[in-house]
**Student:** 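Starting off with a structure, shown below.
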Amino acid sequence: MTKVRTRYAPSPTGHLHIGGARTALFNYLWARKNGGSFIVRIEDTDLERNLSDAEKKQMEALKWLGIEWDESVDVGGPHAPYRSMERLHLYETYLKKLIDSQKAYPCYCTQEELDAEREKQLAEGVAPKYSGRCRHLSNEERIAFEKEGRTPSIRFRVPEGRTITVQDEVRGEVRFETDGIGDFIIQRPDGRPTYNFAVVVDDALMEITHVVRAEEHLSNTPRQILLYEALGFTPPVFAHASLILNPEGKKMSKRDESIIQFIDQYRDLGYLPESLVNFLVLLGWAPEGEKAEEEIFSKEELIDLFTLKRVSKAPAVFDSGKLKWMNNAYIKASSLERITELAIPHLAKAGRISETVRGEEREWVKRLVGLYQEQLDYVAQIVDLTEMFFRDEAAYSDEAKQVLSGEHVSEVIAAFVRQLESSEEAFTPDHVKKLLKAVQKETGQKGKNLFMPVRAAVTGEVHGPDLRESMTLLGKEKVIARLKDFLDRKPQILSE
RNA sequence: GGCCCGUUGGUGAAGCGGUUAACACACCAGCCUUUCACGCUGGCAUGCAGGGGUUCGAAUCCCCUACGGGUCACCA
């Protein structure tokens, strides 16, 4: 059996998209599962749309996700180069073969002529398709066009009256009539190949065995099969996954803002790569048998479980709520150290701490993050969540004011202040517990009547994580200052 | 418009001719907790797009319709 080789072949026109990431992931998993190779090839023939650092950005994003390649532009490989624009000589060779065998021909139509033709067809309600007007040009006619200064593009001569059957791993047999396919351009006038031609040459030469991609390529497949045939290559196994839809059930457009679409945006928000991988793979794929009841899978498990046959035919809606849940699950399962490490840049960016926190301060940050670890959907949330630790005075919510306007509040707070000021012991959660006990004894207030006023006065909120730990992290001075401030300004605070 | 693909609860989905149609997210309730979050328990969802067949029996097989999507580029 030949070695499995798969590839992800993005064009460097933007950031790594969740759809592209999923495609890459499927290819990666399939290669790994079969002990094969995964290749990243750059399809950069569309010069106009290429973005300068898109290639680098996309590859970084893939690497971040843990999707590692065996051959590509950076590490090289037996079929280098891995950028289309560096493979022009190869396309040239195969193009010549097609022209020599009359399977391709020069087309002198201008863009304007083609547009006009197309418009006319559309207006007549006919399927837009190249008319074939340059298909049978005589030599004289060709020379005449050349004299006019026209440089031809090269079209592939699509055979008439044939049925092309695509053997698709996920969809079964899909048939297309060649009569519905117009002669398509395989090389532009300036010598650059078009996608359909480049992929075929590249996939064939790179010995790709399985082409896994999104459904939008399904109708390209018969064209490619025709090219494989004309060039004498054996086509790979195809597998077309369905599209990922936005919450409205529409195809995601890059401009769609209802959903975050790029991998690096998730990275920047503090999503974990494992959870993204886990989430993405489940969008249009499900494991077989009893494993279908689970949803958290490590990369190793995925490599073990993944099969193309289980890729879904039906489109999947991207549910960011579920992604959040999954990310939260991974954050909870992560070490506090890791989450702290991820949280520091966010806190630093918000001006709360220094990027290079060390020693005691770093320990403090770690405890702070620990307070919120289990409720983080993504790490960036740490900034808003911890806001109250970084301000001098508490900002009182309406609910807090409500609590603070209750009976015995001043009494409780005053007693707590006295306890704090008269205590010499280290300010630890245990110690705070003792002090609050003493307040309870002194005032007779307990439970909610004790804790809520204290929480509200110190934090300005009626909700929040463990109060003793929170106060300890805030520091004794700050706690006392806030309590006194409350006592001093009580009428004002409550009436604001 | 032609061609192609798809359609299981709000969402991801299992299901492969006989099931009370899994599981998970979301949602609701209870428990836990000083509160929130987490966690646990339970519930809801009145789900197989609709219509015809085939069959003793259909979410599962066939046909039609509807709806959604893809594609028909000198974009990939």
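Only a predicted model underlies this, so the values are computations on that prediction, with no experimental measurement involved. Every chain is numbered from 1 and lettered A, B, ... according to where its sequence line falls, protein lines coming before strand lines.
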**Student:** For B:U54 versus B:C62, give the span between their C1' atoms, rounded off to a whole number of Å.
**Tutor:** 7 Å
**Student:** Give, ordered by number, those residues of residues 401-417 of chain A having at least one heavy-atom distance below 4.0 Å to an atom of RNA chain B; if nothing qualifies, reply none.
**Tutor:** none
**Student:** With heavy atoms under 4.0 Å as the rule, sort A:G284 into base, sugar-phosphate or nothing.
**Tutor:** sugar-phosphate
**Student:** Applying a 3.5 Å limit to both distances, which nucleotide forms a Watson-Crick or G-U wobble pair with B:A58?
**Tutor:** none
**Student:** Provide the distance between the two P atoms, one in B:C72 and one in B:A13, to the nearest whole Å.
**Tutor:** 25 Å
**Student:** Check the interface with nucleotides 48-51 of chain B: list each N/O to N/O pair with the protein under 3.5 Å, or write none.
**Tutor:**
none

**Student:** Are A:F306 and A:W285 an aromatic pair, judged by ring center distance below 6.0 Å?
**Tutor:** yes
**Student:** Does the side chain of A:L276 reach to within under 4.5 Å of the side chain of A:L65, using non-hydrogen atoms?
**Tutor:** yes
**Student:** For RNA chain B, find the residues of residues 427-435 of chain A with a heavy-atom distance under 4.0 Å and give them by number; none if there aren't any.
**Tutor:** none
**Student:** For A:N246 and B:G69, what is the distance between atoms CG and P respectively, to the nearest whole Å?
**Tutor:** 10 Å
**Student:** When we call it a touch if two heavy atoms are under 4.0 Å apart, what does A:L323 touch: a base, just sugar-phosphate, or nothing?
**Tutor:** nothing
**Student:** A:R87: what forms a salt bridge (Lys or Arg N to Asp or Glu O under 4.0 Å) with it, not counting sequence neighbours?
**Tutor:** A:D202
**Student:** Considering only atom P, compute the distance from B:C3 to B:U8 and round it to an integer number of Å.
**Tutor:** 25 Å
**Student:** Specify the residue among A:K129 and A:L245 whose closest nucleotide of RNA chain B lies further upstream toward the 5′ end.
**Tutor:** A:L245
**Student:** Distance only, no hydrogens: is a donor on one side chain within 3.5 Å (strictly under) of an acceptor on the other, for A:Q224 and A:N220?
**Tutor:** no
**Student:** Which part of the nucleic acid, if any, lies within contact of A:N196, taking any heavy atom under 4.0 Å across all strands shown: a base, the sugar-phosphate backbone alone, or nothing?
**Tutor:** nothing
**Student:** Using whole Å, report how far CD1 of A:I164 lies from P of B:C5.
**Tutor:** 15 Å
**Student:** Out of B:A73, B:G6, B:U34, which nucleotide sits closest to the side chain of A:D466?
**Tutor:** B:U34
**Student:** Please compare A:L283 and A:G447 by the position of their nearest nucleotide in RNA chain B and report the one closer to 5'.
**Tutor:** A:L283
**Student:** What's the gap between B:G47 and B:U19 when it is taken at their C1' atoms, as a whole Å value?
**Tutor:** 15 Å
**Student:** Any idea which heavy atoms bring A:L280 and A:I263 closest together, and the distance?
**Tutor:** CD2-CD1, 4.2 Å
**Student:** Given B:C5, B:U34, B:A13, which nucleotide is nearest the side-chain atoms of A:F451?
**Tutor:** B:U34
**Student:** Taking A:R41 as the fixed residue, which of A:R83, A:M206, A:H79 is the one that meets the side chain to side chain contact (heavy atoms under 4.5 Å, CB included) rule?
**Tutor:** A:M206
**Student:** Could you check whether A:R213 and A:T221, counting side-chain N and O atoms only, form a donor-acceptor pair closer than 3.5 Å?
**Tutor:** yes
**Student:** Does A:E215 reach a base, just sugar-phosphate, or nothing at all? Heavy atoms under 4.0 Å.
**Tutor:** base
**Student:** Determine the Euclidean distance between corresponding P atoms of B:C38 and B:C27; express it in Å to zero decimal places.
**Tutor:** 9 Å
**Student:** Once you apply a heavy-atom cut-off of 4.0 Å, does A:R310 come out as touching a base, just sugar-phosphate, or nothing?
**Tutor:** base
**Student:** Kindly say whether the aromatic ring centers of A:F279 and A:F318 come within a distance under 6.0 Å.
**Tutor:** yes
**Student:** Would you check if the side chain of A:T386 reaches a backbone N or O of A:F389 as a donor-acceptor pair within less than 3.5 Å?
**Tutor:** no
**Student:** In whole Å, measure the gap between the P atoms of B:G10 and B:A22 for me.
**Tutor:** 16 Å
**Student:** Determine the contact category for A:E295: base if any of its heavy atoms lies under 4.0 Å from a base atom, sugar-phosphate if only primed atoms, P, OP1 or OP2 are that close, otherwise nothing.
**Tutor:** sugar-phosphate
**Student:** Tell me which nucleotide among B:C38, B:C4, B:U11 gets nearest to the side chain of A:F176.
**Tutor:** B:C4
**Student:** Who does B:A22 pair with, Watson-Crick or G-U, both distances under 3.5 Å?
**Tutor:** none
**Student:** Which of the following nucleotides, B:A76, B:G39, B:G6, is nearest to the side chain of A:K332?
**Tutor:** B:G39
**Student:** So, does A:T45 get its side chain near the phosphate of B:A76, meaning an N or O under 4.0 Å from OP1 or OP2?
**Tutor:** yes
**Student:** Suppose we screen for ring pair (Phe, Tyr, Trp, His ring centres under 6.0 Å). Which residues come up paired with A:Y8, at least two apart in sequence or across chains?
**Tutor:** none
**Student:** So, is A:R175 near the phosphate of B:C4, with a side-chain N or O under 4.0 Å from OP1 or OP2?
**Tutor:** no
**Student:** Taking the P atom in each of B:A37 and B:A26, what is the distance between them to the nearest angstrom?
**Tutor:** 12 Å
**Student:** At under 4.0 Å between heavy atoms, what does A:L282 touch on the DNA or RNA strands: base, sugar-phosphate, or nothing?
**Tutor:** sugar-phosphate
**Student:** Is the A:Y396 ring parallel, tilted or perpendicular to the A:F486 ring (thresholds 30°, 60°)?
**Tutor:** tilted
**Student:** How would you list, by chain and number, every residue that makes a side chain to side chain contact (heavy atoms under 4.5 Å, CB included) with A:S242, sequence neighbours excluded?
**Tutor:** A:R171, A:E215, A:P315
**Student:** Rounding to an integer number of angstrom, what distance separates B:G1 and B:U20 when you compare their P atoms?
**Tutor:** 44 Å
**Student:** Looking only at the side chain of A:S219 (C-beta and beyond, no hydrogens), which of the listed nucleotides B:U11, B:C5, B:U71 gets closest?
**Tutor:** B:U71
**Student:** A:T194 near the nucleic acid: base, sugar-phosphate alone, or nothing, with a heavy-atom cut-off under 4.0 Å?
**Tutor:** sugar-phosphate
**Student:** Is a donor-acceptor contact shorter than 3.5 angstrom present between the side chain of A:K322 and the base of B:A26?
**Tutor:** no
**Student:** Check for me whether A:R135 meets the cation-pi criterion with A:Y105, that is, NZ or CZ under 6.0 Å from the six-membered ring centre and within 45 degrees of the ring axis.
**Tutor:** no
**Student:** On the nucleotide B:U33, are OP1 or OP2 found under 4.0 Å from the side-chain N or O atoms that A:K448 carries?
**Tutor:** no
**Student:** Quick one: label A:R118 by what it contacts on the DNA or RNA (base, sugar-phosphate, nothing), any heavy atom closer than 4.0 Å.
**Tutor:** sugar-phosphate
**Student:** Is A:G180 touching bases, backbone alone, or none of the nucleic acid, heavy atoms closer than 4.0 Å?
**Tutor:** nothing
**Student:** Which atom pair, heavy atoms only, marks the closest approach of A:H240 to A:D168?
**Tutor:** ND1-OD2, 2.6 Å
